[in-house]
**Q** 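Starting off with a structure, shown below.
Please read these numbers as outputs of a predicted model, since none were measured by experiment.
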Amino acid sequence: MLKDSPLMAVLPAKDIDRAKDFYRDKLGLEPSESIDEENLIYRCGNGTSFLLYQTDNAGSAKNTQMGWETDNLERDMEDLRGRGVTFEDYDFPGLKTENGVATIGWAKAAWFLDSEGNILNISQRA
């Protein structure tokens, strides 16, 4: 049943206006739909989408909450850095970044925080 249903990621935002500015100015995304003042839908490639909703719980997750797959990680990181995005550096057992990039078997990946403290990533399959 669910395998044929569209999937929508859901991200929290403490300040929906600040988050909307971040997604527009840093990531080049505009909401495709506004359910109301506190719930925005963004459409991305291949029919994917995410809902950004206002809640005081934003920024509390310590894991990647959403990611984009790219065909050129370095190019996209350079573009995002030019827009003011800062990539995180990690040094955990099994995961170490160099200049913001980790190689993890099947992919190269980089992580950054949105304005609400959500952990997002971009990755390129090897």
Side-chain angles (χ1 to χ4, degrees):
M1 171 181 83
L2 294 179
K3 72 180 182 83
D4 295 321
S5 297
L7 179 68
M8 178 183 291
V10 179
L11 288 178
K14 283 185 183 175
D15 182 325
I16 197 76
D17 291 325
R18 177 179 61 204
K20 185 177 177 182
D21 290 346
F22 174 87
Y23 282 89
R24 180 192 62 232
D25 299 342
K26 306 293 186 192
L27 305 185
L29 300 173
E30 292 284 351
S32 60
E33 188 177 338
S34 177
I35 297 171
D36 56 37
E37 293 178 3
E38 297 180 350
N39 293 275
L40 305 172
I41 295 176
Y42 291 81
R43 303 245 182 252
C44 296
N46 297 323
T48 60
S49 60
F50 66 95
L51 169 70
L52 188 64
Y53 74 101
Q54 188 156 320
T55 176
D56 288 335
N57 296 325
S60 59
K62 304 295 182 216
N63 57 285
T64 305
Q65 292 174 271
M66 185 172 74
W68 288 267
E69 188 174 337
T70 179
D71 61 355
N72 190 325
L73 183 69
E74 289 80 10
R75 176 200 64 214
D76 292 345
M77 287 179 71
E78 183 178 330
D79 180 57
L80 290 168
R81 282 183 170 132
R83 295 170 175 256
V85 171
T86 301
F87 288 90
E88 300 293 298
D89 278 311
Y90 297 114
D91 190 358
F92 302 130
L95 179 74
K96 180 170 175 49
T97 57
E98 292 183 31
N99 195 28
V101 178
T103 302
I104 46 176
W106 60 272
K108 297 185 295 186
W111 291 263
F112 60 95
L113 303 179
D114 73 3
S115 62
E116 308 309 294
N118 297 311
I119 302 170
L120 309 177
N121 95 323
I122 58 174
S123 63
Q124 177 182 345
R125 293 184 194 211

**Q** Is atom CG of N63 surrounded by more than 12 heavy atoms (other residues, nucleotides or ligands) closer than 6.0 Å?
**A** yes

**Q** What closest approach, in Å, do T55 and P12 show between heavy atoms, and which atom pair accounts for it?
**A** CG2-CB, 3.3 Å

**Q** I'd like to know if the side chain of E88 reaches the main chain of F112, judged simply by a donor and an acceptor atom lying under 3.5 Å from each other, with no hydrogens or angles considered.
**A** no

**Q** Any sub-3.5 Å donor-acceptor pair from S123's side-chain atoms to K108's backbone N or O?
**A** no

**Q** For the pair T64 (side chain) and M66 (backbone), establish whether a donor and an acceptor sit closer than 3.5 Å, ignoring hydrogens and angles.
**A** no

**Q** Got a second to check how far L40's CG is from Q54's CD, nearest 0.5 Å?
**A** 9.5 Å

**Q** Heavy-atom count around D56 CG within 6.0 Å, excluding the residue itself: above 12?
**A** no

**Q** Side-chain contact, heavy-atom cut-off 4.5 Å: D114 with Y23?
**A** yes

**Q** How close do K26 and G84 get, heavy atom to heavy atom, and via which atoms?
**A** NZ-CA, 3.9 Å

**Q** Could you pull out the closest heavy-atom pair between A19 and A13, with the gap in Å?
**A** CB-CB, 3.8 Å

**Q** Grouping I, L, V, M, F, W and Y whenever their side-chain heavy atoms are under 4.5 Å apart, do L113 and L95 come out in a common cluster?
**A** yes

**Q** Specify the closest pair of heavy atoms between L52 and I16, including all atoms of both residues, with the distance to one decimal.
**A** O-CD1, 3.6 Å

**Q** What's the separation between atom CG in L29 and atom OH in Y42, rounded to the nearest 0.5 Å?
**A** 7.5 Å

**Q** Between CG of D17 and CD of E38, what distance do you get to the nearest 0.5 Å?
**A** 9.5 Å

**Q** Picking from R81, R75, R83, what satisfies salt bridge (Lys or Arg N to Asp or Glu O under 4.0 Å) with D79?
**A** R83

**Q** Would you sort out whether V10 and F50 count as a side-chain contact (heavy atoms from CB on, under 4.5 Å), showing the intermediate values?
**A** CA-CA 6 Å; V10 179; F50 66 95; over 6 Å; no

**Q** Any idea which heavy atoms bring P31 and K20 closest together, and the distance?
**A** CG-CE, 3.9 Å

**Q** Applying a strict under-4.5 Å side-chain criterion to I, L, V, M, F, W and Y, I'd like to know whether F22 and F87 cluster together.
**A** yes

**Q** Distance from R43 atom CZ to S49 atom OG, nearest 0.5 Å?
**A** 5.0 Å

**Q** Would M8 end up clustered with I35 when hydrophobic side chains under 4.5 Å apart are linked, directly or stepwise?
**A** yes

**Q** At what distance, to the nearest 0.5 angstrom, does CG of L80 lie from CD1 of I122?
**A** 5.5 Å

**Q** Centroid-to-centroid, W111 to Y90, below 6.0 Å?
**A** yes

**Q** Please tell me whether W68 and V101 are part of a single hydrophobic cluster in this structure, the criterion being side-chain heavy atoms less than 4.5 Å apart.
**A** yes

**Q** For D21 and R24, what are the C-alpha separation, side-chain angles and deciding distance, and is it a salt bridge (charged side-chain N to carboxylate O under 4.0 Å, His left out)?
**A** CA-CA 5 Å; D21 290 346; R24 180 192 62 232; 3.1 Å; yes

**Q** For the residue pair E69 and Q124, establish whether any side-chain heavy-atom pair is separated by less than 4.5 Å.
**A** no

**Q** Give a yes or no on whether the backbone of D15 and the side-chain of E116 come within a donor-acceptor separation of less than 3.5 Å.
**A** yes

**Q** Among the clusters formed by ILVMFWY side chains lying less than 4.5 Å apart, do L27 and I41 turn up in the same one?
**A** no

**Q** Can you give me the closest heavy-atom contact between G100 and T97, atom names plus distance?
**A** C-CB, 3.9 Å

**Q** Between CD of E74 and CG of N99, what distance do you get to the nearest 0.5 Å?
**A** 9.5 Å

